Enquirer: 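I'd like to ask you about the structure that follows.
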Protein chains: 2
Amino acid sequence: MLLRIDPASSVPLFEQLAASVRSEASRGNLRAGDRLPAARDVAGSLDINIHTALRAYQLLRDEGLVDLRRGRGAVVTDRVAHYSELGEAIPRLVASAKEIGVGVHTLTAMIRQEYGS
Amino acid sequence: MLLRIDPASSVPLFEQLAASVRSEASRGNLRAGDRLPAARDVAGSLDINIHTALRAYQLLRDEGLVDLRRGRGAVVTDRVAHYSELGEAIPRLVASAKEIGVGVHTLTAMIRQEYGS
DNA sequence: CTATTGTTCTATTTGTACTAGCACAATAGC
DNA sequence: GCTATTGTGCTAGTACAAATAGAACAATAG
């Protein structure tokens, strides 16, 4: 489990942390039943506030990627399989967007638009 | 040119307006050389501030979708062709994301993550 | 029973997003 | 040239979100 964040980035810390976990999931480095490190530990090693780490975990719980229970921590759910599926489709779209010079903001905005309709 | 916004949405007005223009582009309703309505007109008919309309246009200029010149207005560039390409690839990805129950926020976050690496 | 782990609540500080008004500058078209 | 049109720059207020913090609490594991 390689969790990384960049304090200098404009992306919120909790989003970065959640993205880092998703990235592990989409690369197949996480399996259903695996347990993520305790929020307090993550906060300690990344030098962020516990609440910030918890918020990332809660975001992942809302997505359904992990179950969150007191005393037990964050446990990866079955849905992790879906993430590795997307882990193949997404790079293709991103690659073609980069080729034609469409930026990340534009791409995500177009996806939001398509998703909403 | 059908430009729509939803004042009740949490998405910024200028983003909505820009998305609306992109949508027209990706559907093939815009061609290189076409001129968008003047920002003041758009602002007037959508009942938003001129700056908000202008900001949408400036966003599209930064993307390269339009040229912006005083007195002349916003003119669609050649890059509009790329948008209609994505207009085919994006719906496929979005459809599969919806199928497996991955939300729009998660999907765009994963794309951001992939794009950055 | 005890340590571990997430939950809830309140509060504060800080920074950014969004919108807006006003004056200005460049272009188009007559 | 003149004039209306159109985008630009500057300034600022309001509102919201991020991040941190402390404290007390509740469920689970072993």
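Quantities reported herein were computed from a predicted structural model and do not represent experimental measurements.
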Enquirer: Side-chain N or O of Arg55(A) versus OP1/OP2 of dA18(D): is the shortest distance under 4.0 Å?
Expert: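 Looking at the OP1 and OP2 atoms of dA18(D), one of them is under 4.0 Å from a side-chain N or O of Arg55(A).
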Enquirer: dG6(C) phosphate, OP1 or OP2: any side-chain N/O from Gln58(A) under 4.0 angstrom?
Expert: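 False: Gln58(A) side-chain N/O out of range (4.0 Å or more) of dG6(C) OP1/OP2.
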Enquirer: Has Asp47(A) got more than 12 heavy atoms of other residues, nucleotides or ligands less than 6.0 Å from its CG?
Expert: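 No, because the 6.0 Å sphere around CG of Asp47(A) holds 12 heavy atoms or fewer from other groups.
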Enquirer: When only distance counts, do a donor and an acceptor, one from the side chain of His51(B) and one from the base of dG7(D), lie under 3.5 Å apart?
Expert: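 Under the 3.5 Å cut-off, the side chain and the base do not form any donor-acceptor pair.
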Enquirer: Heavy atoms from C-beta onward define the side chain here; which of dC18(C), dG22(D), dT8(D) lies closest to that of Phe14(B)?
Expert: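 Per side-chain heavy atoms of Phe14(B), the pick is dC18(C).
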Enquirer: Using a 6.0 Å cut-off, check whether atom CG of Asp62(B) has over 12 heavy atoms from anything other than its own residue.
Expert: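 Yes, because the 6.0 Å sphere around CG of Asp62(B) holds more than 12 heavy atoms from other groups.
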Enquirer: Rounded to the nearest angstrom, tell me the gap between atom NE2 in His105(B) and atom P in dA17(D).
Expert: 13 Å
Enquirer: Given atom CD1 of Ile50(B) and atom P of dT6(D), what is their separation to the nearest angstrom?
Expert: 11 Å
Enquirer: Tell me whether the OP1 or OP2 atom of dC18(C) has a side-chain N or O from Thr52(B) closer than 4.0 Å.
Expert: no
Enquirer: Glu63(A) and side-chain hydrogen bond (donor to acceptor under 3.5 Å, both in side chains): which single residue from Gln58(A), Arg79(A), Arg22(A) fits?
Expert: Arg22(A)
Enquirer: Just how large is the angle between the end axes of the helix from dC1(C)-dG30(D) to dC30(C)-dG1(D), five pairs per end, to 10 degrees?
Expert: 50°
Enquirer: Nearest whole angstrom, please: distance from the P of dT19(C) to the CG of Leu46(B).
Expert: 12 Å
Enquirer: Among residues 30-43 of chain A, which ones have heavy-atom contacts with DNA chain C below 4.0 Å?
Expert: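 Going residue by residue through residues 30-43 of chain A, the ones with a heavy atom under 4.0 Å of DNA chain C turn out to be Arg35(A), Ala38(A), Ala39(A), Arg40(A).
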Enquirer: What contact category does Leu68(B) fall into here, base, sugar-phosphate, or nothing, at under 4.0 angstrom with non-hydrogen atoms?
Expert: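 Result for Leu68(B) = sugar-phosphate.
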Enquirer: Hey, does Leu13(A) reach any base, or is it just sugar-phosphate, or nothing, if we go heavy atoms under 4.0 Å?
Expert: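 Since only primed, P, OP1 and OP2 atoms lie under 4.0 Å of Leu13(A), the category is sugar-phosphate.
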Enquirer: Once you round it to whole Å, what is the distance between C1' of dT20(D) and CD1 of Ile5(A)?
Expert: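 Taking atom C1' of dT20(D) as the reference, CD1 of Ile5(A) is at 14 Å.
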Enquirer: Would you mind reading off the distance between Arg70(A) atom CZ and dT2(C) atom P, rounded to a whole angstrom?
Expert: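 Nearest whole value for this atom pair: 21 Å.
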Enquirer: Measuring to OP1 and OP2 of dC18(C), would you say a side-chain N or O of Asn49(B) lies under 4.0 angstrom away?
Expert: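 For dC18(C), OP1/OP2 do not have a side-chain N/O of Asn49(B) under 4.0 Å.
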Enquirer: Could you tell me the separation between the CD atom of Gln16(B) and the P atom of dC18(C), rounded to a whole number of Å?
Expert: 11 Å
